Amino acid sequence: MSLALAAVQSVALPLVADFGWTKEIEDRLLAPVASQLIALEKIISGAVQGVIAAVFVLPLARLIMGPIDGLALAHFGEIGAILILGSIAFSAIGLYLGTVIEGPQVGLMFGLIIAPMIMFGCAYYPWSGLDTCRR
Amino acid sequence: MFWALIVRDATVVRRELIFFLLRTAMQPLMFTVVFGFLMPRMGLVQRGYTAALLPGVLP
């Protein structure tokens with residue numbers, strides 16, 4: 001949640017603002033760089049912010065919750081890979097949302113896309129646990 | 001030129017790092033306190049729940 005929120009927000013919100021009043025996006029697009037590179041740059045900077053947020057939250061969460069099954073230094077590589085791939089994915093989603101959504105409807109993004117993703121995306125319960133709820 | 005864009009975005013983030021962390025980390029951390037600390041101690045959720053909660057809070 002921290003990674004996804006950070007990555008999506010850091011790309012989508014400024015982008016909505018850029019497309020809106022200030023038209024800042026036009027300055028960027030007029031820069032002597034291919035538009036694809038500008039999009040790539042947005043994704044990279046959003047992904048970096050996502051990783052920063054996750055790296056900030058992880059030790060605090062471990063501190064608050066105490067020892068957690070399956071969380072060990074041995075899994076460092078896997079955790080890192082998931083963080084990087086996840087933040088790239090969410091930052092790309094944020095780029096898409098930021099361009100699709102019109103300025104005043106940014107609030108809708110959280111109500112209609114982010115909130116269902118958090119609740120029904122099996123973030124707080126295991127996917128396999130749904131099987132027991134089927135009767 | 002591409003690098004200049006990245007440096008610019010990094011500068012913006014560094015300037016408002018505290019607000020960035022407040023905006024993105026407060027909600028997951030409060031979730032952690034309630035579902036990972038208070039509720040397991042109250043016995044409302046089982047102890048092993050933290051292992052299912054962390055992957056949700058983090059990414």
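As the structure is a computational prediction, the values presented were derived from the model and not from experiment. Sequence lines set the chain letters: A, B, ... in the order given, protein chains first and strands last, and positions in each chain run from 1.
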> Residues of residues 34-44 of chain B under 4.5 Å from chain A (heavy atom pairs)?
Replying inline: B:G36, B:F37

> Rounded to the nearest 0.5 Å, how far apart are CG of B:L29 and CZ of A:F56?
Replying inline: 6.5 Å

>> Please tell me whether B:L17 and B:M26 are part of a single hydrophobic cluster in this structure, the criterion being side-chain heavy atoms less than 4.5 Å apart.
In response: no

>> With a 4.5 Å cut-off on side-chain heavy atoms, are A:L60 and B:T32 touching?
In response: no

>> Please report the interatomic distance NZ(A:K42) to CD1(B:I6), rounded to the nearest 0.5 Å.
In response: 11.5 Å

>> Are B:F19 and B:V12 connected into the same hydrophobic cluster when the rule is that any two of I, L, V, M, F, W, Y join if their side-chain heavy atoms are below 4.5 Å apart?
In response: no

> Same hydrophobic cluster for B:L22 and A:V55, using side-chain heavy-atom links shorter than 4.5 Å among ILVMFWY?
Replying inline: no

> Would A:L85 end up clustered with A:V57 when hydrophobic side chains under 4.5 Å apart are linked, directly or stepwise?
Replying inline: no

> With sequence neighbours left out, what residues match A:L40 under side-chain contact (heavy atoms from CB on, under 4.5 Å)?
Replying inline: A:L37, A:I44, B:F2

